[in-house]
Amino acid sequence: MPELPEVETVANGVHERIHGSRVEQAWFGSKPEPFKTPPAEMAAAITGATIDRVHRVGKHIVFDLTPAPPASGSLQWIVHLGMTGRLLVSTPDTPVPAHTHALLTLDSGRELRFVDARRFGRLALQRTAFTGPGAEPLTISADDFVALFRGRKLAIKSALLNQRLLHGVGNIYADESLFRAGIRPTHIAGRLSRPRLQRLHTELRAVLRNAIALGGSSVSDYVDADGVRGFFQLEHRVYQRGGQPCLVCGTAIRRTVLGGRSTHWCPRCQS
DNA sequence: ATACCGACCTGTCAGC
DNA sequence: TGCTGACAGGTCGGTA
């Protein structure tokens, strides 16, 4: 479900509500799919730990933990929401939703719940500082951004979605940033001129920052840590607007499939 | 190394 | 009303 702005919104919301809390109990469901680390190992490491900070790296939510004594050393809990994952801070009297795969009981009296119907999300322990698979879109320099695509023979949209190049960009913000930069999604990444890539760098960061300010995009079931929807979907100019008139030139927005993902673009504004 | 495709899951919605 | 098929914000592993 979530791309960089949604993950950032969730991570910040969870941080505000639970940082400084101690985990009294950690429960993990038995279905193996959402766990990169075995559930018993995660429960043992997390129980008694203090949550110092919750932040975002790429599309991952990172919990910085201080382990319960006598354990020591660096410990992080990594949550990836996949397509439909939710991380909710609730009171114990709130009914536990279906498809809840993890539930942490905190000393503040609240609970942190990981809910994921489709089970594309992942939970894991990390013992060394997590840096993510690629570069960070909000802080990468224009020069480094341009260099990412040099010599690449795939479509620029596919390159934007490759998390090993740039982590955090998904289908919505790939389409929206390419529209705002006037670049057709099928354009071969390595053939784009430096000025056009610099424009994309500028527009991508702007659209991500704008979306963060609005709490992310709620296309179907995305909600933040309190279960509240975001508002950036009201700002989408091409995403899920196939067949509707372009807001700039009036031409019908096209919907095609690129790399197996639905792709939305204006045939007149994007060359 | 790079690029492409199907698989992984469940829920929802449009169409018949 | 109920069935079927298409589609969904993401990643991963196999193949060329």
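Letters A, B, ... are given to chains in the order of the sequence lines, protein chains preceding strands, and every chain is numbered from 1. A quick note: this is a predicted structure, and the numbers were derived from the prediction, not measured.
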Student: According to side-chain hydrogen bond (donor to acceptor under 3.5 Å, both in side chains), who are the partners of A:Arg122, at least two apart in sequence or on a separate chain?
Tutor: none

Student: Can I get a per-line list of side-chain donor-acceptor pairs under 3.5 Å for residues 142-153 of chain A, giving both atom names and the distance, sequence neighbours left out?
Tutor:
| from | atom 1 | to | atom 2 | distance (Å) |
| --- | --- | --- | --- | --- |
| A:Asp143 | OD1 | A:Arg194 | NH2 | 2.4 |
| A:Asp144 | OD2 | A:Ser141 | OG | 3.3 |
| A:Arg152 | NE | A:Leu148 | O | 3.3 |

Student: Between N or O atoms, less than 3.5 Å apart, protein on one side and nucleotides 7-11 of chain B on the other: list the pairs.
Tutor:
| from | atom 1 | to | atom 2 | distance (Å) |
| --- | --- | --- | --- | --- |
| B:dC9 | O3' | A:Arg119 | NH2 | 2.9 |
| B:dC9 | O2 | A:Arg118 | NE | 2.8 |
| B:dC9 | N3 | A:Arg118 | NE | 3.2 |
| B:dT10 | OP1 | A:Arg119 | NH2 | 2.3 |
| B:dG11 | OP1 | A:His99 | NE2 | 2.6 |

Student: Using the test salt bridge (charged side-chain N to carboxylate O under 4.0 Å, His left out), find all partners of A:Asp175 that sit at least two apart in sequence or belong to another chain.
Tutor: A:Lys157

Student: Using a 4.5 Å cut-off on heavy atoms from C-beta on, say whether the side chain of A:His187 contacts that of A:Gln270.
Tutor: no

Student: Say whether, by atom type as modelled, one donor and one acceptor occur between the side chain of A:His201 and the main chain of A:Ile140 under 3.5 angstrom.
Tutor: yes

Student: Kindly write out the residues that satisfy side-chain hydrogen bond (donor to acceptor under 3.5 Å, both in side chains) with A:Tyr173, not counting sequence neighbours, or none if the list is empty.
Tutor: A:Glu6, A:Ser217

Student: Taking the same atom, P, in C:dT11 and in B:dT12, what whole-Å distance lies between them?
Tutor: 23 Å

Student: Restricting to side-chain hydrogen bond (donor to acceptor under 3.5 Å, both in side chains), what partner residues turn up for A:Asp52, sequence neighbours left out?
Tutor: A:Thr66

Student: What pairs of nitrogen or oxygen atoms, one from the protein and one from nucleotides 3-5 of chain C, lie under 3.5 Å apart?
Tutor:
none

Student: Taking salt bridge (charged side-chain N to carboxylate O under 4.0 Å, His left out) as the definition, give me every residue that meets it alongside A:Arg180, ordered by chain and number, with sequence neighbours left out.
Tutor: A:Glu176

Student: Please collect all side chain to side chain donor-acceptor pair (under 3.5 Å) contacts where either partner lies in residues 128-140 of chain A, sequence neighbours excluded, each pair once.
Tutor: A:Arg56-A:Glu136, A:Gln126-A:Thr128, A:Glu136-A:His167

Student: For nucleotides 11-16 of chain C, just jot down a letter per nucleotide in 5' to 3' order: B, S or -, based on protein non-hydrogen atoms under 4.0 Å.
Tutor: B-----

Student: If you count the non-hydrogen atoms of other residues, nucleotides and ligands that lie under 6.0 Å from CD in A:Gln244, is the total more than 12?
Tutor: yes

Student: Rounded at 0.5 Å granularity, tell me how far NZ in A:Lys59 sits from CD in A:Gln163.
Tutor: 3.5 Å

Student: Extract the stems that DNA chain B is part of, considering only consecutive pairing runs of at least three Watson-Crick or G-U wobble pairs, both distances under 3.5 Å.
Tutor: B:2-8 with C:10-16, B:10-16 with C:2-8

Student: With sequence neighbours left out, which residue pairs that include part of residues 249-268 of chain A fulfil the salt bridge (Lys or Arg N to Asp or Glu O under 4.0 Å) condition?
Tutor: none

Student: Look at the side-chain N and O atoms of A:Arg150 and state whether any lies under 4.0 Å from the OP1 or OP2 oxygen of B:dT2.
Tutor: no

